[in-house]
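Structure first, then comments.
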Amino acid sequence: MKITLEQLGDNEQKPLYQDESKLVFGSIFTDRMFTMRYTDNAWMEPRIEKYKPFHLDPSSCVLHYSQEIFEGLKAYAAEDGRILLFRPDQNARRLNRSAARLVMPTIPEEDIMQAITELVLEEKRWLPKQPGTSLYLRPAMIATEPFLGVHPSREYIFFIIISPVGAYYKGGFKPVKLYVEDTYIRANIGGVGDVKTGGNYAASLMAGHRAQQKGYSQVLWLDGRERKYVEEVGAMNMFFVFGNKLVTPKLTGSILPGITRASVLELANYLGLETEERLISIDEVIEGINTGDITEAFGSGTAAVISPVGSLYYKEKEYTINADQVGSVTQMLYDKLVNIQYGREKDPFGWVREIGRY
Ligand SMILES: *Cc1c(COP(=O)(O)O)cnc(C)c1O
């Protein structure tokens, strides 16, 4: 694929942020983005161009029926000057799985990789260097055909934007409080909960908003049928250290298969920790906390990597895990994963991909 590059003059470049430690997730974007459009059954005009608003017809499919998918991954600055991506092949593969589910066109994995690589290298002056900082890459595909009938769009835009982000844990690696949601659900088996599409987030806003109003940072989602089994936490996958095993809900079809989730499982096995993917009922979780069988809990996802859980609120009662402290397994998995991502520790899995130097 030959990507057309729009050069920027010095006076066309946006001023860089002053303080890397003050970068807020997803609030500023680099000078340029990648775009490519799909029409007449083919992808065309791959470009790295100035970051700017799209011109969309008000009847565009995506604006009415949410035919949209996205991905999220990060580029990291290693101390030795390398620019690293973490398992980008997995993001490319998942993007295409999501596309297939929403009857959208797929993109050759090597073209996705090329677009990401060339864009990051063109925009590398934005790469922050302090510990915990990164470039957050957001590939997305939207349905742009102008029509209000319900059928798959015949036109799309695929784009990638980049946001420099500060360290997720500015106030330290601290456990969060969860609200166990037993009214609203995020997704159901047979729906689109297992693909990265914006509609899932729209469906989750009400519960997330109510939980925050009550003082909880995230929702712990239960299954859509019985409100019985633990599914995800906010937009992260969920783990428990349960009787010396690392246990996570199995992928039933309503859970997003996180790349961090898969990596945590592989890493835990590698480190000699027993892992299990199975149905986990909320009653079992409450009992496990009460008996002390559950010693740790955490969420996993690209943005936070690992987010320790300190307590759960369920049916008018609060349950505290590990005295609201970060547990040793959580801390170890977090340290190892982050060290691999930043190239500080040997990567025995071949997860980290060097795309150039800063
Ligand atoms: C993206 C996402 C995750 C985490 O996936 P990662 O690949 O680990 O970032 C988990 N749950 C939902 C709903 C998501 O959208």
Side-chain angles (χ1 to χ4, degrees), residues 25-26 66 68-76 85-99 101-102 112 116 134-141 160 163 165 168 176 178 181 184-189 191-208 211 217-224 229-239 246 248-268 275 277 280 297-309 330 333-334 336-338 340-341 349 351-353:
F25 177 83
S66 300
E68 185 265 2
I69 55 172
F70 66 96
E71 272 301 323
L73 70 160
K74 286 172 170 175
Y76 305 90
L85 299 177
F86 184 71
R87 310 191 75 178
D89 52 313
Q90 297 295 311
N91 294 94
R93 194 165 305 163
R94 189 170 63 188
L95 181 86
N96 281 332
R97 268 209 312 270
S98 300
R101 177 64 180 81
L102 272 81
I112 300 174
I116 290 173
S134 59
L135 290 179
Y136 180 80
L137 319 183
R138 168 53 61 87
M141 193 194 297
I160 307 170
S163 176
V165 295
Y168 191 88
V176 297
L178 302 187
E181 177 59 64
Y184 299 112
I185 60 161
R186 191 191 79 88
N188 222 333
I189 294 174
V192 290
D194 59 345
V195 297
K196 260 183 130 59
T197 180
N200 287 326
Y201 281 68
S204 78
L205 291 177
M206 168 77 104
S217 53
Q218 295 285 356
V219 166
L220 185 67
W221 297 105
L222 301 180
D223 74 281
Y229 298 105
V230 171
E231 299 228 311
E232 295 200 57
V233 48
M236 287 186 278
N237 295 111
M238 188 69 199
F239 284 86
L246 186 66
T248 190
K250 72 169 180 184
L251 302 175
T252 53
S254 50
I255 293 174
L256 196 286
I259 295 162
T260 319
R261 175 188 180 278
S263 307
V264 165
L265 286 171
E266 266 190 73
L267 179 62
T275 61
E277 298 172 71
I280 308 167
F298 62 85
S300 74
T302 294
V305 186
I306 279 179
S307 175
V309 172
T330 307
L333 291 169
Y334 175 74
K336 289 262 176 205
L337 259 183
V338 168
I340 290 172
Q341 289 172 336
F349 310 99
W351 286 341
V352 163
R353 187 163 320 174

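Quick caveat: nothing in here was measured; it's all calculated off a predicted structure. When a ligand or atom number is given, it counts from 1 through the structure's own listing order.
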Flag P257 as yes when one of its N or O atoms lies below 3.5 Å from any N or O atom of ligand 1, and as no otherwise. no
Heavy-atom nearest neighbour of atom 9 (O) of ligand 1 within options T260, D194, L256, T302: T302
Could you see which bit of K196 sits under 4.0 Å from ligand 1, with heavy atoms only: side chain, backbone, both or neither? side chain
Looking only at heavy atoms, which two atoms of I306 and V264 are closest? And how far apart? CD1-CG2, 4.1 Å
Audit row: E231, T252, side chain to side chain contact (heavy atoms under 4.5 Å, CB included) steps and yes/no: CA-CA 9 Å; E231 299 228 311; T252 53; 3.9 Å; yes
Please report the C-alpha distance between E232 and R186 in whole Å, then the side-chain angles of each, then the deciding distance to 0.1 Å, and finally whether the salt bridge (charged side-chain N to carboxylate O under 4.0 Å, His left out) criterion is met. CA-CA 9 Å; E232 295 200 57; R186 191 191 79 88; 2.9 Å; yes
For atom 11 (N) of ligand 1, what's the nearest protein heavy-atom neighbour? Residue, atom name and distance, please. E232 OE1, 2.5 Å
Given F86, W221, Y201, which has its nearest heavy atom closest to atom 15 (O) of ligand 1? Y201
Kindly say whether the aromatic ring centers of F25 and Y136 come within a distance under 6.0 Å. yes
Per atom 3 (C) of ligand 1, closest listed option by heavy atom (A262, S300, A235, S263): A235
Taking the six-membered ring for Trp, are F298 and F239 parallel (under 30°), tilted (30 to 60°) or perpendicular (over 60°)? parallel
N or O pair under 3.5 Å between R94 and ligand 1: yes
Which pair of heavy atoms, one from T248 and one from M238, lies closest together, and at what distance? OG1-O, 2.6 Å
Among all the protein's non-hydrogen atoms, which is closest to atom 5 (O) of ligand 1, and how far away is it? G258 CA, 3.4 Å
Heavy atom of R186, distance to ligand 1 below 4.0 Å: yes
In the structure I gave you, are the side-chain heavy atoms of K74 and F86 within less than 4.5 Å of one another anywhere? no
Are any of the N/O atoms in G301 less than 3.5 Å from those in ligand 1? no
